[in-house]
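Following: one structure in structure tokens, then a few remarks.
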Amino acid sequence: MIDLKSEAEVNRMRAACTAAARVLQDLSSLVVPGVSTAGLDAAARGLMTRHGCESACHGYVVGRLTYPGYVCISVNDEIVHGIGAPDRIIRDGDLVSLDVVVRREGFIGDNARTIVVGNAPAEALALCRDTENALHAGIAAVKPGNRVGDISAAIQAALSPQGYGIVRDFVGHGVGRQMHEEPQIPNFGKAGTGPKLLAGMALAIEPMVNLGTHKIIMAADGWTARTADGKVSAHFEHTVLVTEKGAEILTLP
Ligand code: MF3
Ligand code: CO
């Protein structure tokens, strides 16, 4: 069953998502050459306190693993779930994906973006632009009566002409009291398939797109997913609410 949020719950989702967006916005401005990813993680912790929320990633358990960071920081060929480290220094030309998931008043806000540091190759800039556009194509497919597959197909259609590798091993998801609720929202698929969208659903839509192959490799830390061919990856995410009129983007600062 896909959870439908009541008006009171929607207001708490709005508060959590606004906080998540503000943390992401403030953190983005700190991504400059010379900073370590551990430094960014520590800064994120402080920003969450300032914006009245806490990390939903810190202490998150999957199987026998516990996530140690406060945000996910994934650099260049890292796709998602990278962990801040003191010896990982941001350099000019890096692509830095920040994934900020917070809890406030018992509800989750989830958003992500890839930042291009300084001067990067044109193909890396295009990858980021195209991934963000694909996110918005997916959001545009959100309306009551449409299906999850319409979101997936819209994202895929926005990306296919460029020949990118659309990540298959990680997908978007419902969100609410839990970080991951039903339904799963793949970034590829067939229009007209999957669960029907209804007003009151909250969805985290998050295309992860690789310059080369879609295939991934898991790092020894058990969290960090990287591209199998070492080429760069981009990730953009918003939490949206399904309304009678369409999607309301909740993760705006
Ligand atoms: N936005 C990511 C996701 O939906 C956040 C993961 S937090 C972690 O999977 F703790 F699991 F890393
Ligand atoms: Co997410």
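When a ligand or atom number is given, it counts from 1 through the structure's own listing order.
When only interatomic distances are considered, the shortest N/O to N/O separation between His173 and ligand 1 falls below 3.5 Å. Backbone and side-chain nitrogen or oxygen atoms of Tyr67 are examined, and none is located within less than 3.5 angstrom of a nitrogen or oxygen of ligand 1. An N or O contact shorter than 3.5 Å links Asp110 to ligand 1 by distance.
Between the side chain of His173 and the backbone N or O of Met179 there is at least one donor-acceptor pair closer than 3.5 Å. The closest donor-acceptor contact from the side chain of Asn111 to the backbone of Ala20 lies under 3.5 Å. Not a single donor-acceptor pair under 3.5 Å links the side chain of Thr239 to the backbone N or O of Thr251.
Every atom of ligand 1 with a heavy atom of Cys57 under 4.0 Å away is listed here by number and element: 7 (S), 8 (C), 10 (F). Annotation for ligand 1: atoms under 4.0 Å from non-hydrogen atoms of Val101 are 1 (N), 5 (C). Close contacts of ligand 1 with His180, meaning ligand atoms under 4.0 Å from a residue heavy atom, involve 3 (C), 4 (O), 9 (O). Atoms of ligand 1 found under 4.0 Å from any heavy atom of Asp99, numbered from 1 in the order shown, are 1 (N), 2 (C), 5 (C). Residue Glu237 has at least one heavy-atom neighbour below 4.0 Å for each of these atoms of ligand 1: 1 (N). Annotation for ligand 1: atoms under 4.0 Å from non-hydrogen atoms of Tyr60 are 10 (F), 11 (F). With ligand atoms numbered from 1 in the order given, ligand 1 contributes 2 (C), 3 (C), 6 (C), 9 (O), 12 (F) to contacts under 4.0 Å with heavy atoms of His81.
Under a hydrophobic-cluster definition in which Ile, Leu, Val, Met, Phe, Trp and Tyr are linked whenever side-chain heavy atoms come within less than 4.5 Å, directly or via other members, Val101 and Ile249 are assigned to different clusters. Neither Ile90 nor Ile83 shares a network with the other; the hydrophobic side chains, linked directly or stepwise wherever heavy atoms of I, L, V, M, F, W or Y lie under 4.5 Å apart, form separate groups for each. Using a 4.5 Å cut-off between side-chain heavy atoms of Ile, Leu, Val, Met, Phe, Trp and Tyr, with links allowed through other members, Leu98 and Val23 fall into the same hydrophobic cluster.
Between Arg88 and Glu78 there is a salt bridge, since at least one side-chain N of the basic residue sits less than 4.0 Å from a carboxylate O of the acidic one.
Residue Glu9 qualifies as enclosed at atom CD: its count of foreign heavy atoms under 6.0 Å is above 12.
Not close to ligand 1: His58, with no non-hydrogen atom less than 4.0 angstrom away.
Residue contacts with ligand 1 for Trp223 involve side-chain atoms from C-beta outward but no N, CA, C or O (heavy atoms, distance under 4.0 Å). Of all the heavy atoms of Cys72, the ones lying under 4.0 Å from any atom of ligand 1 belong exclusively to the side chain.
Inspection of the environment of the Co ion (ligand 2) yields the following protein N, O or S atoms under 2.8 Å: Asp110 OD2, His173 NE2, Glu206 OE2, Glu237 OE2.
Across all their heavy atoms, Ile166 and His214 have their closest contact at O-CB, 3.2 Å. Of all heavy-atom pairs between Thr114 and Ser97, the closest is OG1-OG, 2.8 Å.
Here the rule is side chain to side chain contact (heavy atoms under 4.5 Å, CB included) with Ile155, and of Ile205, Asn133, Val209 only Ile205 fits it.
Side-chain polar atoms of His180 and Tyr60 form a donor-acceptor pair below 3.5 angstrom.
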